[in-house]
Amino acid sequence: MEENQVVAVVVIDKTMKKFALLFICFYGILHAQDSTLVFKKKIQESTEIDFISSYYQQDGVHSAVSGGIGSENLQDVASNIIITMPIKADGVLTFDIGVSAYTSASSSNINPFNIDEDEDEDKAGKAIPGSITGTPWQASSGASMQDALASVVAGYAHHSDDRNKIWNANVSFSNEYDYTSIGFGGAYAYLMNQKNTEFNVKFNVFLDQWRPIYPIEFRQFQWNGSQWNPGLFANTTIWDSNGNASANYNPTKFTPWQSSERNSYSVSIGLSQILNKNMQFSVFLDLVRQMGNLSTPYQRIYFADKPDFFIGNPDMISVYTTPQNTGAYQLADDVERLPNTRNKIPIGVRWNYYINEQFILRTYYRYYWDDWGIQAHTAQIEAPIKLGEKFSMIPNYRFYQQSSSDYFAPYNQHMCSERFYSSDYDLSKFEAHAYGAGLQYYDLLNSKHIWKFGIKNIDLRYQHYSRSDGLAADIISFGVKFIWDK
């Protein structure tokens with residue numbers, strides 16, 4: 001071979017090697033990009049199912065149904081199933097289905113006379129006189145004694161490819177005996193600064209509808225244009241505050257609602273920042289607007305400047321202080337009346353500190369203001385303590401304090417000249433303390449199984465709540481989260 005041919009072969013050989021190297025690099029880049037698309041890590045790998053149950057009981061002496069006095073006894077059992085399912089690599093679909101059932105001595109006093117209105121009406125729909133059974137004060141076994149709430153919420157969250165943007169949308173529906181709610185909302189979150197900073201904004205709309213149930217006396221006493229028709233009380237003696245029989249009960253202030261709608265609109269803005277490897281801080285602001293009928297139709301009002309009237313044992317009227325302890329029951333002057341708009345502004349902060357592998361400190365503070373005259377402060381501290389590799393104990397304490405609404409007054413202290421009035425102690429001035437603890441089991445590898453479901457965590461919590469107006473409550477909850485192994 002000649003020298004020039006040797007040189008040409010060498011050059012061609014070097015060129016082919018460079019081309020081959022470039023081809024391999026280019027193919028590797030393409031293959032790597034293709035692998036990223038095909039094997040992109042999912043937001044959630046498997047379907048997760050949460051089962052949550054709780055039991056709640058309370059008691060107190062300021063029932064709003066009875067105008068600010070009487071038993072607030074209530075028991076509630078609630079259960080939820082929350083299912084979250086991955087949708088391809090970037091989405092998560094969530095369903096939250098809940099059922100809650102309660103029995104209440106307080107709400108039974110909407111109709112404390114054991115009147116079965118369905119049976120005690122003639123074909124024209126008019127009440128048949130003289131059909132009252134049972135004692136004047138007794139926990140009714142009617143529809144107002146108990147109720148059930150069913151709810152469902154469906155939501156979808158979508159994450160961007162770089163996982164720095166999250167869009168969320170949700171719809172909800174709930175229904176109980178006298179109330180229906182339809183809601184929808186959305187949210188957007190943006191992560192920046194290597195995911196150390198998060199900004200989020202949320203909005204929710206709830207379009208609610210009352211089916212108003214009034215105290216039994218207002219459902220039986222009907223105004224015919226010139227006088228009150230006593231209905232079921234036609235053959236029942238009505239007593240005045242001196243224990244004398246009287247026919248002068250005249251609740252002229254009461255009128256049925258003209259509208260039963262209640263709509264709520266809210267916007268929430270939040271900012272979260274990881275300060276360092278031990279600390280995280282966040283702040284949020286909510287703007288809430290409520291419109292429509294914001295009163296509760298079965299909460300009685302008694303006026304100080306109106307005579308008092310009773311049904312029952314006249315000998316007990318002079319010592320009438322709490323209705324369940326007497327054989328008499330006071331007939332209402334009106335039902336709760338509140339403005340048809342309400343603006344609320346809560347603003348709060350969270351600060352979490354990782355002390356070490358065993359201890360974490362979580363704190364929370366919120367200031368609340370509304371245009372009904374209430375200002376409130378909430379402070380909470382939670383301190384999870386790790387007990388070994390899979391168990392944690394979570395003690396917690398919560399303090400709450402609020403001022404009184406402009407429209408609140410205790411039993412029999414409102415004046416009939418007022419436009420708005422309520423004797424619901426939720427609108428009164430009070431302080432509240434809640435303290436409790438939880439025990440949590442967590443298994444990252446889901447080593448324990450029930451059929452095809454791996455147990456991710458088990459959570460058991462108890463909390464006691466006490467309020468300065470005498471209300472006390474206890475709640476115990478239990479939850480299990482499963483991972484579905486296909």
* To do: Can you spot which of Arg289, Lys344, Arg342 makes a salt bridge (charged side-chain N to carboxylate O under 4.0 Å, His left out) with Asp370?
  => Arg342

Please enumerate all residues that pass side chain to side chain contact (heavy atoms under 4.5 Å, CB included) together with [X], with sequence neighbours excluded.
X	value
Ser79	Ser53
Gln401	His377, Phe399, Glu431
Val201	Tyr188, Val267, Ile269

We want to know whether [X] and [Y] form a side-chain donor-acceptor pair, criterion being a heavy-atom distance below 3.5 angstrom.
X	Y	answer
Gln273	Thr197	yes
His62	Asp469	no
Ser422	Glu336	yes
Gln57	Tyr55	no

* **Set of ring-ring contact (aromatic ring centres under 6.0 Å, His included) partners for Phe482, sequence neighbours left out** =>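 Testing Phe482 for ring-ring contact (aromatic ring centres under 6.0 Å, His included), a comparison that skips the adjacent residues, returns Phe51.
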
* Which residues pass the ring-ring contact (aromatic ring centres under 6.0 Å, His included) test with Phe284, sequence neighbours left out? -> none

Taking side-chain hydrogen bond (donor to acceptor under 3.5 Å, both in side chains) as the test, write out the residues that go with [X], two or more places apart.
X	result
Asp371	Asn343
Tyr442	none
Ser264	Gln290
Tyr367	Gln375

* Return the orientation label for the Phe218 and Phe254 ring planes: parallel under 30°, perpendicular over 60°, tilted otherwise. => parallel

Taking only residues two or more places apart in sequence or in another chain, which ones pass salt bridge (charged side-chain N to carboxylate O under 4.0 Å, His left out) with [X]?
X	result
Glu48	Lys456, Lys481
Asp334	Arg337
Asp424	none

* **Beyond-backbone contact of Phe310 with Tyr329, side-chain heavy atoms, under 4.5 angstrom** =>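 A side-chain contact under 4.5 Å is absent here.
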
* Nearest heavy atoms of Phe309 and Ser246, plus distance in Å -> CE2-OG, 3.5 Å

* Asked: Does a side-chain N-to-carboxylate-O contact under 4.0 Å join Arg461 and Glu382?
  ->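 Yes, charged N to carboxylate O under 4.0 Å.
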
* Pair Tyr411 and Tyr302, ring centroids less than 6.0 Å apart ->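 Centroid separation for Tyr411 and Tyr302: below 6.0 Å.
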
